[in-house]
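Quick caveat, the model's predicted, so the values are computed rather than measured. Throughout, numbering of the chain's residues begins at 1 and tracks the sequence.
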Amino acid sequence: MTLPDPRPRRFPLRRMPATTWGAQEPTWREGSPAVIGAALKRALARPSGNWFVLAASTEVRADRPFGRVVAGTELVAWRTPDGTVHAGPGACPHLGAPLCRGGVDSGRLVCRWHGLSLDGDGFPGWDPYPVHDDGVLVWVRLDHAGGEDPLEAPVVPERPDPGASLAAVESMAGRCEPEDVVANRLDPWHGSWFHPYSFVGLRVAEVPRGADPDPDRMVVDVGFRVAGRWGVPVRAEFHCPEPRTVVMRIIEGEGLGSVVETHATPLGVDGRGVARTAVIEATVASSERTGFAIARKVAGAVVRPAMRMTARRLWKDDLAYAERRYLLRSTGRWPG
């Protein structure tokens with residue numbers, strides 16, 4: 001596939017090469033388990049500072065609490081009127097009531113059972129956790145779960161200018177571990193085969209070589225399918241800034257600089273001992289086109305829901321990939 005000129009074209013759509021699903025070039029030889037496994041191993045070795053993505057920034061509000069289990073730890077989060085995010089244990093220190101079902105009043109978290117109110121300074125038997133709001137996602141630091149040397153702030157990927165971009169976050173959960181989610185994203189070779197409704201003509205142009213590659217990234221040429229044979233060709237890079245995050249960034253073509261961040265947050269295990277992981281995917285789109293400014297104005301009603309729907313469709317398939325990988329690993333049948 002011919003790469004696009006980095007300057008925006010008047011019409012971004014291009015007619016993609018005609019091919020059927022079964023006639024496209026097989027990618028199993030290039031998608032080497034050794035290459036994917038080595039990239040995954042390097043990603044898992046990077047420090048996270050014990051930070052985990054908790055939720056989209058818009059999910060943590062000042063009018064009601066937000067609850068989620070992360071790495072087996074029940075959590076609750078809320079905002080004070082000045083917009084500051086707080087997070088702490090999800091059980092009330094009085095009798096263990098679920099604080100996510102309580103309320104928020106004048107910036108204080110109020111238990112529904114007996115009216116105990118809490119703030120960000122803590123309470124006997126209830127200590128808040130460090131939290132970070134990057135404007136798109138809320139992160140929480142769990143030192144007892146991460147087991148690493150803590151960092152003052154999470155490793156947040158570089159993003160387009162927030163004043164000229166559009167962000168949407170979608171969350172799903174599956175029966176797998178974070179490494180299975182990361183491994184899925186470090187296998188771009190499956191794109192046109194597993195997601196023919198979204199991708200066409202995918203070609204992996206660059207893979208990391210050696211024990212300590214610099215840059216440690218994969219580069220892909222791909223057409224994002226719009227309708228039929230019409231698509232938008234781009235060049236994108238995939239890299240892992242920390243062990244539970246994979247970032248896809250457009251480096252040439254339409255939407256230059258836009259990113260898709262895939263964050264894998266361990267939830268814990270279910271009653272049968274099966275691991276559960278949340279995929280929290282943030283898409284931060286940017287464009288120099290005049291129409292993009294209009295799109296930002298109608299983002300809430302039209303664009304963000306469409307962005308979330310696209311992410312959900314892809315991850316419906318990709319979670320099946322991650323869950324299958326986890327099943328084979330956990331039963332000693334993983335061929336990689």
Side-chain angles (χ1 to χ4, degrees), residues 25-49 51-53 146-148 151 154-159 174 176-195 198-199 201-222 234-252 258-266 275 277-283 311 314-315 317-330 333-336:
E25 195 68 26
T27 57
W28 64 270
R29 292 181 180 85
E30 291 80 10
S32 163
V35 172
I36 298 169
L40 175 64
K41 184 177 180 180
R42 291 191 301 272
L44 297 178
R46 296 191 175 106
S48 72
W51 289 95
F52 299 83
V53 172
E148 303 176 17
L151 297 176
V155 183
V156 179
E158 181 183 350
R159 296 171 178 153
C176 60
E177 293 180 327
E179 75 161 77
D180 302 299
V181 173
V182 174
N184 169 271
R185 275 297 183 259
L186 293 177
D187 171 18
W189 293 273
H190 77 269
S192 292
W193 283 98
F194 206 36
H195 309 293
S198 289
F199 305 118
L202 186 147
R203 182 179 70 89
V204 179
E206 178 185 325
V207 295
R209 302 291 184 185
D212 188 21
D214 184 20
D216 190 355
R217 67 176 188 174
M218 296 177 179
V219 176
V220 172
D221 297 331
V222 64
V234 301
R235 170 166 281 194
E237 67 172 7
F238 291 77
H239 72 99
C240 297
E242 58 108 65
R244 290 180 289 274
T245 299
V246 184
V247 179
M248 185 207 75
R249 184 184 313 279
I250 296 178
I251 57 176
E252 290 185 40
S258 299
V259 299
V260 177
E261 302 172 10
T262 302
H263 301 273
T265 296
T277 293
V279 176
I280 304 174
E281 187 157 280
T283 302
L314 283 169
W315 271 106
D317 287 342
D318 278 339
L319 271 174
Y321 174 122
E323 289 178 339
R324 176 67 176 178
R325 185 180 188 276
Y326 171 73
L327 173 65
L328 294 177
R329 285 196 309 108
S330 62
R333 294 182 290 151
W334 174 243

Please report the shortest heavy-atom distance between Gly31 and Ile36, naming the atom on each side. O-CD1, 4.0 Å
Audit row: His190, Asp317, side chain to side chain contact (heavy atoms under 4.5 Å, CB included) steps and yes/no: CA-CA 11 Å; His190 77 269; Asp317 287 342; over 6 Å; no
Please report the C-alpha distance between Glu281 and Val260 in whole Å, then the side-chain angles of each, then the deciding distance to 0.1 Å, and finally whether the side chain to side chain contact (heavy atoms under 4.5 Å, CB included) criterion is met. CA-CA 7 Å; Glu281 187 157 280; Val260 177; 3.5 Å; yes
Would you check if the side chain of Thr265 reaches a backbone N or O of Phe52 as a donor-acceptor pair within less than 3.5 Å? no
Side-chain contact, heavy-atom cut-off 4.5 Å: Val182 with Cys240? yes
Search all heavy atoms of Gly191 against all heavy atoms of Leu202 and return the closest pair with its distance. CA-CD1, 3.9 Å
Judged by atom type as modelled, is there a donor-acceptor pair below 3.5 Å linking the side chain of Arg244 to the main-chain atoms of Trp51? yes
Which atom of Arg235 lies closest to which atom of Ala205, heavy atoms considered: NH2-CB, 3.7 Å
To the nearest 0.5 angstrom, please state how far the CG atom of Leu186 sits from the CE atom of Met218. 5.5 Å
Of all heavy-atom pairs between Pro157 and Pro241, which one has the smallest distance, and what is that distance? CG-CG, 4.2 Å
Side chains of Arg185 and Val279: does their closest heavy-atom pair fall under 4.5 Å? no
Side-chain heavy atoms of Glu261 within contact of Arg249, under 4.5 Å: no
For a 4.5 angstrom cut-off between non-hydrogen side-chain atoms, does Glu30 reach Val204? no
Would you check if the side chain of Glu323 reaches a backbone N or O of Cys176 as a donor-acceptor pair within less than 3.5 Å? no
Close side-chain approach of Pro215 and Glu206, heavy atoms under 4.5 Å: yes
Measure the shortest side-chain to side-chain distance between Asn184 and Trp315 over non-hydrogen atoms and say whether it is less than 4.5 angstrom. yes
Evaluate Phe194 against Asp318 for side chain to side chain contact (heavy atoms under 4.5 Å, CB included), listing each step before the verdict. CA-CA 8 Å; Phe194 206 36; Asp318 278 339; 3.8 Å; yes
Over all heavy atoms of both residues, which pair between Pro335 and Leu328 is shortest? Give the atoms and the distance, please. CD-CD1, 4.3 Å
As a quick check of understanding, evaluate side chain to side chain contact (heavy atoms under 4.5 Å, CB included) for Arg324 and Asp180, giving each step before the final call. CA-CA 9 Å; Arg324 176 67 176 178; Asp180 302 299; over 6 Å; no
Using salt bridge (charged side-chain N to carboxylate O under 4.0 Å, His left out) as the criterion, list what pairs up with Glu242, not counting sequence neighbours. none
For the atom pair CD (Glu252) and CD1 (Ile250), what is the distance rounded to the nearest 0.5 Å? 11.5 Å
In terms of side-chain heavy atoms, does Thr277 have a donor or acceptor partner in Glu177 at a distance below 3.5 Å? no
Would you say that Met248 contacts Pro188 through its side chain, given a criterion of any heavy-atom pair below 4.5 Å between the two side chains? no
Just by distance, do the side chain of Thr27 and the backbone of Trp189 share a donor-acceptor pair under 3.5 Å? yes
So does Glu179 pair up with Arg325, basic N to acidic O under 4.0 Å? yes
Compare all side-chain heavy atoms of Val247 with those of Glu158 and state whether any distance is below 4.5 angstrom. no
May I ask you to decide if Ala275's main-chain N or O and Tyr326's side chain share a donor-acceptor pair within less than 3.5 Å? yes
